[in-house]
Amino acid sequence: MRHRRLTFSKLISTDQQQQLVRDMLDRWNSGRGLRVLADRIDDAPDACIEVSTSGSTGPAPKVVRRSFDSWRNSIAANRTLFGYASNDVFAVLGGLSHSLTAYAVIEAAHCRAGLILGGGLGRKALQTSLAQATILHATPTQLRSIAPFGPFPNVRLVLSGGGALDDATARTLADALPNASCSVYFGTSEASFVTISNDTTPHGSVGTAYPDVEIEVRDITQGYGEIWVKSPYLFDGYAQGDDPMTQVIDGWLTVGEMGYLDDDGNLYLVGRKNRMFTSADINIFPEAIENEIKTLTGVDATAVLPKPDAARGAVPVCFYSGTPSPEALAEIANSRLPIPIRQFVQLTDWPLLAAGKTDLQALAKHEALT
């Protein structure tokens with residue numbers, strides 16, 4: 001996609017966010033690089049954009065560097081897939097400095113469309129603004145947070161990433177977004193879009209390869225292996241911080257995600273290599289347990305973390321928010337899980353990162369794990 005001057009048909013956000021977005025577009029339109037921070041736009045190498053990864057937290061978050069072209073390539077693919085038009089109004093809910101939000105800003109501007117930045121808007125202003133939206137970029141957690149404000153009948157498309165879209169959330173969206181189709185994608189800040197699902201995607205899969213993406217699963221043991229990706233959307237490296245799970249070899253990238261492919265090319269995720277732990281010589285992927293518990297009635301959010309145990313090495317502890325009592329949840333969940341959860345911890349204040357993902361570092365400090 002050639003360089004073009006970016007603009008919006010309308011921009012709805014707080015005054016501070018509007019100024020940051022204008023600064024972003026000024027730099028993009030002139031070809032100057034930019035690093036997007038929560039409160040300002042800083043310098044970056046020419047024709048590059050630097051944003052925090054969606055899992056970043058703390059005083060020194062990981063910052064990825066992407067070429068303008070890598071995002072232009074994704075935008076061109078999405079315009080073909082989803083038929084974006086200038087009368088569309090994009091809405092995004094997370095912090096501007098995070099990759100999903102910043103990408104949505106640039107995508108909307110490329111389409112000369114409208115943009116709603118929901119982060120920072122009060123409930124009433126957000127509800128009024130989302131009534132104008134036609135395309136919604138959001139994580140499952142963010143979708144659950146806005147569902148009670150609906151319905152929003154003008155939304156025609158939901159692009160959901162940053163985690164599995166559980167069945168309960170999908171049912172809620174049917175009422176909150178009655179006219180929207182939902183495309184769930186798997187991607188990372190380092191790789192951008194990797195797979196995308198549709199109505200024919202088997203249950204439990206994150207879909208087949210996104211356009212122009214190649215996927216390999218390597219070093220397969222016990223039916224799963226490490227996922228490697230090659231595409232025109234890959235990042236240029238970390239501008240700040242690092243991740244030992246991320247490797248780039250001969251144009252192929254992995255971030256330590258584990259999974260498998262079926263015969264039709266559908267990708268299934270097992271979990272992140274760096275979240276896996278061993279309990280009584282069994283490899284435990286917390287994400288698999290979390291996805292199972294999320295299917296239970298009344299559970300809004302969940303996270304499984306290891307607690308050191310002298311006999312077993314570690315035992316899983318489940319944090320959750322929702323209406324079931326710990327005792328009731330234990331009785332139901334443990335009858336369906338391959339390994340029993342020793343402790344269920346009910347939280348009323350669920351810790352979230354700015355990008356809408358669970359703050360696992362905050363949960364790791366909870367007294368239940370000490």
> Taking 4.0 angstrom as the limit, do Asp43 and Arg32 come out as a salt bridge?
no
> Take Leu363 and Leu347 through the side chain to side chain contact (heavy atoms under 4.5 Å, CB included) test and state the conclusion after the steps.
CA-CA 10 Å; Leu363 289 177; Leu347 301 178; 3.5 Å; yes
> Are Glu190 and Tyr238 packed together at the side-chain level, in the sense that at least one heavy-atom pair is separated by less than 4.5 angstrom?
yes
> Nearest 0.5 Å, please: how far is CG in Asn266 from OG in Ser197?
9.5 Å
> Honestly curious: do Tyr185 and Val194 fall in one hydrophobic cluster under the side-chain, below-4.5 Å linking rule?
yes
> Got Ser160 and Leu143 here, is their nearest side-chain heavy-atom distance under 4.5 Å?
yes
> What I'd like to find out is whether the side chain of Val299 reaches to under 4.5 Å of the side chain of Pro324, using heavy atoms alone.
yes
> Hey, can you tell me if His137 and Phe90 have their rings parallel, tilted or perpendicular (30° and 60° cut-offs)?
parallel
> Under 4.5 Å between any side-chain heavy atoms of Leu136 and Leu177, yes or no?
yes
> Using 4.0 Å as the upper bound for N to carboxylate O, is an ion pair formed by Lys307 and Asp309?
no
> With side chain to side chain contact (heavy atoms under 4.5 Å, CB included) as the criterion, how do Tyr233 and Arg66 come out once you've worked through the C-alpha distance, each side chain's angles and the decisive distance to 0.1 Å?
CA-CA 9 Å; Tyr233 318 116; Arg66 310 191 59 95; 4.2 Å; yes
> I would like to know whether Tyr260 and Ile220 meet side chain to side chain contact (heavy atoms under 4.5 Å, CB included); could you show each step before the answer?
CA-CA 8 Å; Tyr260 62 94; Ile220 298 174; over 6 Å; no
> Do Ser189 and Ser99 have side-chain N/O donor and acceptor atoms under 3.5 Å apart?
yes
> Is there a donor in the side chain of Arg35 and an acceptor in the side chain of Gln240, or the other way round, less than 3.5 Å apart?
yes
> Can you confirm if the aromatic rings of Phe149 and Phe152 lie within a centre distance of less than 6.0 Å?
no
> Are Tyr103 and Phe193 close enough that their ring centers fall under 6.0 Å?
yes
> Within a reach of under 6.0 Å around CG of Asp242, are more than 12 heavy atoms found that belong to other residues, nucleotides or ligands?
yes
> Would you check if Asp243 and Lys62 make a side-chain contact, meaning some heavy-atom pair closer than 4.5 Å?
yes
> Other than Trp228, what residues sit in its cluster of Ile, Leu, Val, Met, Phe, Trp and Tyr side chains whose heavy atoms are under 4.5 Å apart, directly or through others?
Ile249, Trp252
> Would you check if Ile289 and Ile284 make a side-chain contact, meaning some heavy-atom pair closer than 4.5 Å?
yes
> For a side chain to side chain contact (heavy atoms under 4.5 Å, CB included) check, start with the C-alpha distance between Asp359 and Leu352, then their side-chain angles and the critical distance, and finish with the verdict.
CA-CA 5 Å; Asp359 190 341; Leu352 291 175; 5.9 Å; no
> If you count every heavy atom of other residues, nucleotides or ligands that lies below 6.0 Å from Glu331 atom CD, does the total exceed 12?
no
> Against Met258, only a single residue in Lys273, Gln222, Glu287, Arg272 fulfils side-chain contact (heavy atoms from CB on, under 4.5 Å); can you say which?
Lys273
> With ring centroids as reference points, do Tyr224 and Phe285 lie under 6.0 angstrom apart?
yes
> Report the C-alpha distance between Arg156 and Thr134 in whole Å, list the side-chain angles of each, state the deciding distance to 0.1 Å, and finish with yes or no for side-chain hydrogen bond (donor to acceptor under 3.5 Å, both in side chains).
CA-CA 5 Å; Arg156 68 174 182 86; Thr134 63; 4.9 Å; no
> Within the structure provided, determine whether Leu117 and Ile12 are in side-chain contact (heavy-atom separation under 4.5 Å).
no
> Counting heavy atoms not belonging to Asp39, are there more than 12 under 6.0 Å from its CG?
yes
> With Tyr210, which residues qualify under side chain to side chain donor-acceptor pair (under 3.5 Å), at least two apart?
Asn78
> Between Arg218 and Glu226, is there a salt bridge with N-O shorter than 4.0 Å?
no
